[in-house]
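Structure, as structure tokens:
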Amino acid sequence: MADILPNETIYIKNLNSKVKKQEMKRALHALFSAYGRILDVVVCKTPKLRGQAWVVFNEIPAATSALRHMKEFQLFDRPMVIQYAKSKSDAIISLTDDSYAPKEKRRKTEDKGVDKKRKDQEQPQANGATPAHSHVYGAAPPPVKPGNQEPNSILFIQNLPDETTGPMLEMLFTRYPGLKDVRMVDGRPGIAFVEYSDEGQATVALEALQSFKITANHAMVISYAKKG
DNA sequence: AGCACA
């Protein structure tokens with residue numbers, strides 16, 4: 001039973017296809033960013049591709065780690081089935097090949113008559129140009145130290161932007177089952193407490209949203225509230 | 001089960 005060869009990209013199936021595309025992308029990004037730099041997340045809703053996704057890491061070890069850890073993880077009430085992707089992702093190819101021109105069938109969008117027939121001598125793709133992988137996600141290490149690591153049904157959130165509100169956090173955390181309460185702290189900007197019904201559910205949310213970037217320079221730091 | 005990327 002030789003499986004598919006290791007690849008920077010993992011292929012995920014058995015996803016809940018009722019979840020909206022953008023929401024699924026965000027959730028996958030949040031879940032998998034713990035395992036390495038994510039270059040792209042691909043989700044399609046076409047009949048043939050529903051319930052499937054690709055998460056592109058910048059290197060194979062990250063993909064391997066993600067695969068091992070997240071195999072069968074329950075996301076939106078379904079255990080994910082994860083394999084390596086069969087082929088290289090565009091985001092990976094364009095890392096080593098500046099002049100990579102995606103696919104030929106991609107002239108589906110109107111050609112508009114702009115250099116329909118150029119085949120060699122492409123536009124030079126200046127260094128300042130936006131390459132295919134410019135939508136790279138990733139987080140700089142946040143300027144706070146994580147707190148208590150001993151599981152608790154209440155999460156302790158740090159490094160929030162000052163303007164964060166309770167409802168904003170609720171929007172983020174409510175997609176992980178069991179959310180009971182979100183509490184901001186008066187006079188203490190940047191932190192919050194998020195309560196779940198039990199430790200397991202809190203842990204799911206923690207792992208999913210750890211390092212989630214609320215804004216460009218604010219990645220959440222999540223730990224467990226101290227007991228007692 | 002099903003392997004895409006504009």
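Reminder, nothing fancy here: chain letters follow the sequence lines and each chain counts from 1. On a predicted model such as this, the values are computed, not experimentally measured, just so you know. The analysis underlying the following values was restricted to heavy atoms, covering all of them including side chains, and did not include hydrogens, waters or symmetry mates.
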Checklist entry - CD1 of A:Ile4 versus P of B:dC3: gap in Å, rounded? => result 9 Å

Checklist entry - Starting at CG of A:Asp90 and ending at P of B:dA4, how long is that distance when rounded to a whole Å? => result 11 Å

Item to check | Donor + acceptor pair across side chains of A:Tyr224, A:Thr203 (<3.5 Å) | outcome: yes

Checklist entry - How many Å lie between CZ on A:Phe57 and P on B:dC5, as a whole number? => result 20 Å

Checklist entry - Partners of A:Lys227 by side-chain contact (heavy atoms from CB on, under 4.5 Å), sequence neighbours excluded? => result A:Glu150, A:Asn152, A:Glu199

Checklist entry - Do you see a donor-acceptor pair shorter than 3.5 Å between the side chains of A:Tyr11 and A:Gln52? => result yes

Item to check | Nucleotide B:dC3, atom P - distance to CD of A:Gln52 in whole Å | outcome: 7 Å

Checklist entry - Could you give the CG-to-P distance, from A:Leu28 to B:dC3, as a whole number of Å? => result 18 Å

Checklist entry - Between A:Asn7 (CG) and B:dC5 (P), how many Å, whole number? => result 16 Å

Item to check | Residues A:Asp162, A:Thr164; criterion side-chain hydrogen bond (donor to acceptor under 3.5 Å, both in side chains); working and verdict | outcome: CA-CA 6 Å; A:Asp162 289 357; A:Thr164 307; over 6 Å; no

Next on the checklist: So for atom NZ, which belongs to A:Lys45, do other residues, nucleotides or ligands contribute more than 12 heavy atoms lying within a distance under 6.0 Å?
Outcome noted: yes

Next on the checklist: Should the side chain of A:Ser89 and the base of B:dA4 be counted as holding a donor-acceptor pair, with the cut-off at 3.5 Å?
Outcome noted: yes

Checklist entry - Looking at A:Lys88, does any N or O in its side chain come under 4.0 Å of the phosphate oxygens OP1/OP2 on B:dC5? => result no

Next on the checklist: Please report the distance, rounded to the nearest Å, between CH2 in A:Trp54 and P in B:dA6.
Outcome noted: 12 Å

Checklist outcome for this item: Rounded to whole Å, the CZ-C1' distance (A:Arg50 to B:dA4) equals 17 Å

Item to check | Close residues, residues 79-87 of chain A, relative to DNA chain B [heavy-atom separation under 4.0 Å] | outcome: A:Gln83, A:Tyr84, A:Ala85, A:Lys86, A:Ser87

Checklist entry - Is A:Arg183 salt-bridged to A:Asp181, going by a charged N under 4.0 Å from an acidic O? => result yes

